[in-house]
Amino acid sequence: MTQSTANFINIGERTNITGSAAFKKLIVEGNFAAAVDVARQQVQSGAQIIDVNMDEGLIDSKAAMRTFLRLIAAEPDIAKVPIMVDSSKWDVIEEGLKNVQGKAIVNSISMKEGEKPFLDQARKALSYGAAVVVMAFDEKGQAETAQRKYEISKRAYDLLVGIGFPPEDIIFDPNIFAVATGIEEHNNYAVDFFEGVKLIKQNLPYARTSGGLSNVSFSFRGNEPVRRAMHSVFLYHAIKLGFDMAIVNAGQLDIYDNIDPELRERVEDVILNRRADGTDRLLEIAERYRGQKGEVQKKDLSWRQKPVRDRLAHALVNGITEFIVEDTEAARLEVERPLHVIEGPLMDGMNIVGDLFGAGKMFLPQVVKSARVMKAAVAHLMPYMEEEKLRTGMADKSNGVVIMATVKGDVHDIGKNIVGVVLQCNGYKVIDLGVMVPAEKILEAAQRENADMIGLSGLITPSLDEMVYFASEMQRLGIHKPLLIGGATTSPAHTAIKIEPMFKHAPVVHVLDASRAVGVVSQLIGDDSRDKFWADMKDKYQKIRDSRSGGQAKARVSLATARDMAPKIDWSAYTPPKPSFLGVREIEADLATLARYIDWTPYFASWDLVGRYPMILDDDVVGEAAQSLWKDTQGLLQQMIGEQWIKANGVVGFWPANQSGDDVVLWSDETRKTEIGRFHTLRQQMEKTNDKGQFALSDFVAPKAADYVGGFAVTAGHGELAKAKEFIDKGDDYSSIIVKALADRFAEAFAEYMHEIVRRELWGYATNEGLTNEDLIAEKYQGIRPAPGYPSQPDHTEKQTLFDLLDATNRAGIELTSSFAMNPPASVSGMYFSHPDAVYFAVGRIEKDQVEDYARRKNWDLATAERWLRPILNY
């Protein structure tokens, strides 16, 4: 694997009105639901950024941009990737920046109208924290030659760096122009682009390069196979020179070596301008491919006649799962041990994939598909290998030893378990120490087992501090083992700024997801690759630290101003509903009832299968894998319900309550004289351009009238760990992970079910509510159930007040860890607010004045407040 190929980024192009007629039609018709599905398909196909463009004369582009970005922000499987806000109109771009989630990329700005407008737009982009695409375009026009591309880029780079723009947030687009147009002056356009990229990467430190890939093949529009071949050949050569990202349909990239050799040669003649008659020669053969639309490989089953070893390699390289079980079984019958199938034909096939990827002839979406084929093959072999191990006691060979653990105070391990299975599939010995593991136990195990590296996992934000402590312990004890960091709350930035500086003896690597784990581990274990990989990682993390140091924090209003801007609810015109009882009650629910409330989309996401259920089962990319998982899941689900593998317990309570500033005071009874608890809430401080005000949860409780607040804690985890361990003991990691993932889904379903019962009966403010499960998932009900530790109240310690009021440990069997994670892991807790105006929101980053005020209200010192609120500090 080459570093350049590994870092290449696909930018999905299909959410661009100017580039996709189908997407344009959806937006013009106002069919935003289907348009969101287009974005989802792009992410599923491997897009790591999606380009959103709403430039169309028949619509309000600003409104369309605003609506679409807000919709995809609510879709976790789409919102996980950055957004490129694309428009030729600056006001549309700025509207996008106001509504986009996370760090955005502006596409684009240029000096075509001179330096002043260019710098004005750059400063605005900087104020939003956005990166910018800079076109190679100045007052004289677009750059065509390599030297002009570099000169314009150099001028823009100096101007941007001069105003404090982070160089790593500058992305140059040196203009990909069409070749093979029949105009001789155009023949060198691709070569000029390559040379321009090379000059930019050599002379403009940290800057990135990008381009619209489809432009290069514009002359062959309507001939999809030729265009695909041109795109793959172009990328193959551009990436070698440092080309960082391209706007492309991520699901339609051919493997370089799989392109018909004659077509590849003639395309290469055109792209590299190797022959004067290159265009004519390509035109000679182009018509024979027209109309195939890339379907030839799907229809051609001649490879099925090859020996099984070759069939397995073909399936891995092309991501074909259709025959993998059949072929894996045939291979198993030919060898002495099932492990030999993995060590032999499957690993041979994966080596081919690795070689193609390393050579830039295969791209990330295709590699992901190959990994899924490998998982399916190994899943078929697993029972046979485990049966063999149980029968013979034979130890499998190991490519290396990895110690894995969920850190102290944290109980979540589904993602870690999946990573462990993937590593085991690739010949590594994985020793999983489980959850809530203290640092000393992890380090002792690593030394005892002579582990090659240590992997830490965590889901909740306090786990980040535990990881920092762990790294400092490794440094203090002089341990020289690589440290892997993973989990939902972790990030490259936190790893670079907080963890990596604490440990200098060996590499520290943030692993984004299971699909990256094997590549990272293999490089860290290889003697030849480790030093370079470590140097690259240190350089990457230093760049992250440099980009964060001295930068301006995003603007925030003062706490006093934020409180003045709190939503104005007319309490005089509202009578708060009274619950049917005050105090606490225990609740039980049967699994068959809860199954009807399950939201299956996150279940598939936990397996790295992204898509909305049930459409995911028919998805072109992941549908086959999703259907296979679905079938296995439904079988275990029926057993889980029929045999009562787990038990669902819960507790719910209601208390008289009133707002007291940013706090919610809970009273012992209706006299409202004796305080029995207090929820401390946090208020938004980000600057807003709308009139919704600065939210805090306390806003939704009446300051004087007889109002009420509810709380709940539910679990579907009693029995989960024991049943999961049964499968582990049988060597069936696959079923063990299904059990844990299902328990999580049942817990969330219990929270959904109980909230419905609260609205319709226990609190009774929506007695006539008649919502479908889809409506519940879409949160179309009145009232909210925010959870401590999540966006509306990011402080996990508030769970302690909730648990004390509910007596949740005694009544529902749910405990809080030292980091305020809930155990069993399949548990959910939160508060109930009934007001019609109550909405979910994100507090976002807050200023020191609020942290000091919060510390005073909670009777903490400032250091304690900063510790628990660290992820949202704006200073």
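The first residue in the sequence is number 1, and the count goes up from there.
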Pair [X] + [Y], salt bridge at N-O below 4.0 Å:
{"X": "Glu586", "Y": "Arg811", "result": "yes"}
{"X": "Lys858", "Y": "Asp795", "result": "yes"}
{"X": "Arg40", "Y": "Glu75", "result": "yes"}
{"X": "Arg66", "Y": "Glu95", "result": "yes"}

Side chain to side chain contact (heavy atoms under 4.5 Å, CB included) against [X], all qualifying residues, sequence neighbours excluded:
{"X": "Val100", "answer": "Leu69, Ile83, Ala104"}
{"X": "Pro614", "answer": "none"}
{"X": "Asp775", "answer": "Leu771, Thr772, Lys780"}
{"X": "Ala405", "answer": "Leu433, Val437, Ile442"}

_Walk me through whether Arg745 and Asp599 qualify under salt bridge (charged side-chain N to carboxylate O under 4.0 Å, His left out)._
CA-CA 7 Å; Arg745 287 298 90 212; Asp599 178 4; 5.0 Å; no
Nearest-0.5 Å distance that lies between atom [atom1] in [X] and atom [atom2] in [Y]:
{"X": "Phe750", "Y": "Ile587", "atom1": "CZ", "atom2": "CD1", "answer": "7.0 Å"}
{"X": "Glu726", "Y": "Ser736", "atom1": "CD", "atom2": "OG", "answer": "10.0 Å"}
{"X": "Leu666", "Y": "Thr674", "atom1": "CG", "atom2": "OG1", "answer": "12.5 Å"}

For [X], is the [atom1] atom crowded, meaning more than 12 foreign heavy atoms sit under 6.0 Å from it?
{"X": "Tyr469", "atom1": "OH", "result": "no"}
{"X": "Lys740", "atom1": "NZ", "result": "yes"}
{"X": "Lys673", "atom1": "NZ", "result": "no"}

*Going by the ring pair (Phe, Tyr, Trp, His ring centres under 6.0 Å) test, which pairs reach into residues 775-822, not counting sequence neighbours?*
His755-Tyr781, Phe820-Trp868
*asked:* Using the rule side-chain hydrogen bond (donor to acceptor under 3.5 Å, both in side chains), only one of Arg556, Arg845, Gln685, Glu847 pairs with Asn874; which is it?
replied: Glu847
*Asp410 pairs by side-chain hydrogen bond (donor to acceptor under 3.5 Å, both in side chains) with which of Ser463, Ser819, Ser818?*
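So, applying the side-chain hydrogen bond (donor to acceptor under 3.5 Å, both in side chains) to Asp410 and each of Ser463, Ser819, Ser818, only Ser463 qualifies.
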*asked:* Show me the pairs that pass salt bridge (charged side-chain N to carboxylate O under 4.0 Å, His left out) and involve residues 650-666, at least two apart or across chains.
replied: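 The answer is Arg563-Asp662, Asp662-Arg683, Asp663-Arg678, Asp663-Arg857.
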Contacts of type side chain to side chain donor-acceptor pair (under 3.5 Å), residue [X], not counting sequence neighbours:
{"X": "Tyr597", "result": "Glu756"}
{"X": "Glu94", "result": "Trp90, Tyr128"}
{"X": "Thr864", "result": "Asp861"}

Side chains of [X] and [Y]: do they bring a donor and an acceptor to under 3.5 Å?
{"X": "Tyr708", "Y": "Glu670", "value": "yes"}
{"X": "Asp564", "Y": "Thr561", "value": "no"}
{"X": "Tyr753", "Y": "Glu748", "value": "no"}

*Quick one: list whatever passes ring pair (Phe, Tyr, Trp, His ring centres under 6.0 Å) with His680, sequence neighbours left out.*
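Partners of His680 by the ring pair (Phe, Tyr, Trp, His ring centres under 6.0 Å) criterion come out as none, since no residue qualifies.
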*Partner residues of Tyr574 under the ring pair (Phe, Tyr, Trp, His ring centres under 6.0 Å) criterion, sequence neighbours left out*: Trp571, His835
_Please identify which of these residues, Pro824, Pro825, Ser829, meets the side chain to side chain contact (heavy atoms under 4.5 Å, CB included) condition with Thr715._
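In the set Pro824, Pro825, Ser829, the residue that makes a side chain to side chain contact (heavy atoms under 4.5 Å, CB included) with Thr715 is Pro824.
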*All pairs passing side-chain hydrogen bond (donor to acceptor under 3.5 Å, both in side chains) where residues 644-655 contributes a residue, at least two apart*: Glu643-Trp645
*Can you list the steps and then say if Glu440 with Lys408 is a salt bridge (charged side-chain N to carboxylate O under 4.0 Å, His left out)?*
CA-CA 10 Å; Glu440 56 271 17; Lys408 177 183 175 183; over 6 Å; no
_Quick one, Glu769 with Arg760, criterion salt bridge (charged side-chain N to carboxylate O under 4.0 Å, His left out). Give me CA distance, side-chain angles, the key distance, then yes/no._
CA-CA 7 Å; Glu769 178 184 279; Arg760 298 177 62 179; 5.3 Å; no
*Scan Trp667, Trp763, Phe712 and name whichever one has a ring-ring contact (aromatic ring centres under 6.0 Å, His included) with Phe654.*
Trp763
